[in-house]
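Single-structure report; data block below.
Convention: sequence-line order gives letters A, B, ...; per-chain numbering from 1. This one's a predicted model, so the numbers in the text were calculated from it and none came from an experiment.
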2 protein chains.
Amino acid sequence: MESKRTQAERSAATRSALVAAARPLFTERGFAAVGTDEIARAAGVTRGALYHQFAGKEELFVAVFEQVESELLARLGAGITTADTSDPVAMLHADVDGWLAACAEPEVHRIVLIEAPAALGWERWRELGRGYGVGLVEAVLDTLMDAGAIARRPVRPLAHVLVGALEEAALYAARAADRPTATDEARQALYALVDGLVLP
Amino acid sequence: MESKRTQAERSAATRSALVAAARPLFTERGFAAVGTDEIARAAGVTRGALYHQFAGKEELFVAVFEQVESELLARLGAGITTADTSDPVAMLHADVDGWLAACAEPEVHRIVLIEAPAALGWERWRELGRGYGVGLVEAVLDTLMDAGAIARRPVRPLAHVLVGALEEAALYAARAADRPTATDEARQALYALVDGLVLP
DNA sequence: GTAACTTACGGACAGGTTGTATGGAAAGCA
DNA sequence: TGCTTTCCATACAACCTGTCCGTAAGTTAC
């Protein structure tokens, strides 16, 4: 019976139902264009439940954002930790490829790259993202600097700049009319950029 | 007398008053957080005038965006056209410096980099920006490719990726607690990136 | 110059949105 | 079982956007 559910289970079910309902709506129409009533109805509850579980619409968006980000991180992290540093160019290229492949999903580029910075503000977006994308790039750079493959320099700013390049490349590729061609163009541009970092 | 103003003058005055009023409001609080009534009152008119002059709030934002962008372009273009291609590294570094200096203004990074992609959608943002930032970077790259300073490759994707890096660097620098240090870190990171493009 | 017409603007209205307050149902605890 | 706390639905208040209509200012025709 449903009656035997514990409070924690009830809350968790409602929260995940709301996040699951909001996720495709935010992906397709953006944060501002979709209302809380539509989300609640899609989740099979009312706005009352939404405002009980989340401080507001923005906090619900944060939950969606973190879900997408953590999935993205898990996906990229798996490919990165298995690389070896003896061929830094190949390693960097593999990372670029993994990123572009992941960003082919509309969820990532719409929620993570488009809506989040405006809905949350750039500062909070970056703060949340530090543990994700930027942190990952920092780890890669740090590994390669330790291995002597690229010049030692402050990691964080370089990681930020690279993340900016990666994000823009992903958007360029994802929104183009001829997506395969654009993806390849973006890939080559990123290759050119990261190859320049590797010491001869 | 006011009575002798022509219709075109009246419209132009109202439009520029609205844009001038909206610009600092959007800069400080963002597109979504400031209402049309507040803008109209700050401009000394009513919402009726706003909706007569602009199709909607979004179109007013576009007018603000284009004003900021065109000022930015004029500022950067002046420094770029006077450079010479004999020293490509110095030329690229000068461009980077000019960009970072321009983005120190809150108007640029808030309106152009944060609000615009979400308020207008990434596609329209990019479309409007093609004539501005991306176009400028394309011009620089094209010049250097013609001069043989960097390898010939598709210009547009590389320009996009670089613009992404430039934008993220500007945001990183502008929002840091210790801005001078962060600006220098961002500058060095961008130098490392663009230096890697220059042929030996 | 004035009459007919177009453009610019102010005020009021309808529709929809977020966030809150209130009441009841379900679960935890004694 | 009785009492408290948590969870959720409904109703409500305060917005905000976009539209409608009336009026005033400017333009054109006669």
Q. Does a salt bridge link B/K57 with B/E38, judged by any charged N lying under 4.0 Å from a carboxylate O?
A. no

Q. Any ion pair linking B/R156 and A/E185 (charged N to carboxylate O, less than 4.0 Å)?
A. no

Q: Ignoring hydrogens and angles, answer whether the base of C/dG19 and the side-chain atoms of A/R47 contain a donor-acceptor pair closer than 3.5 Å.
A: yes

**Q.** Backbone N/O of A/Q53 and side chain of A/R15: donor-acceptor pair under 3.5 Å
**A.** yes

Q: Hey, which sits more toward the 5' end of DNA chain D by its nearest nucleotide, B/G35 or B/A8?
A: B/G35

Q: Quickly work out the A/R10 CZ to C/dG28 P distance and round it to whole Å.
A: 9 Å

**Q.** Between C/dC13 (C1') and B/D37 (CG): distance, integer Å
**A.** 15 Å

Q: Specify the separation, in whole Å, of atom CD of A/E38 and atom C1' of C/dG15.
A: 16 Å

Q) Among D/dC8, D/dT17, C/dC9, which nucleotide sits nearest the side chain of B/A49? A) C/dC9

Q.
Just the rounded figure in Å: distance from P of C/dT17 to CZ of A/F61.
A. 19 Å

Q) Would you say B/S11 reaches C/dA8's phosphate, i.e. side-chain N/O to OP1/OP2 under 4.0 Å? A) yes

Q: Ignoring the backbone of A/T6, work out which of C/dA27, C/dT6, C/dT18 is nearest its side chain.
A: C/dA27

Q: Would you please confirm or rule out a distance under 4.0 Å between OP1 or OP2 of D/dG18 and any side-chain N or O of B/T36?
A: no

Q: Starting from C1' on C/dT18, measure out to CD1 on A/I39 and report it in whole angstrom.
A: 12 Å

Q. Should A/R75 and A/E105 count as an ion pair when the cut-off is N to O under 4.0 Å?
A. yes

Q.
OP1 or OP2 of C/dC9 versus the side-chain N and O atoms of B/H52: is any pair under 4.0 Å?
A. no

**Q.** A/E9 CD - D/dT6 P separation (whole Å)
**A.** 17 Å

Q: Please report the C-alpha distance between B/E71 and B/R23 in whole Å, then the side-chain angles of each, then the deciding distance to 0.1 Å, and finally whether the salt bridge (Lys or Arg N to Asp or Glu O under 4.0 Å) criterion is met.
A: CA-CA 13 Å; B/E71 289 174 16; B/R23 184 166 162 163; 2.9 Å; yes

Q.
Quick test of your reading of the model: are B/R152 and B/D142 salt-bridged, counting only N-O distances below 4.0 Å?
A. yes

(Q) From the set C/dT20, D/dA9, D/dC8, return the single nucleotide nearest to any side-chain atom of A/Y51. (A) C/dT20

Q. Just how far, in rounded Å, is P of C/dC5 from CD of B/Q7?
A. 17 Å

Q. Atom CD of A/E58 to atom P of C/dT18: distance rounded to whole Å?
A. 13 Å

Q: Classify the angle between the aromatic ring planes of B/F31 and B/F26 as parallel (below 30°), tilted (30 to 60°) or perpendicular (above 60°).
A: tilted

Using a cutoff of under 3.5 Å, can you pull out all pairs of nitrogen or oxygen atoms linking the protein to nucleotides 1-4 of chain D, with atom names and distances?
none

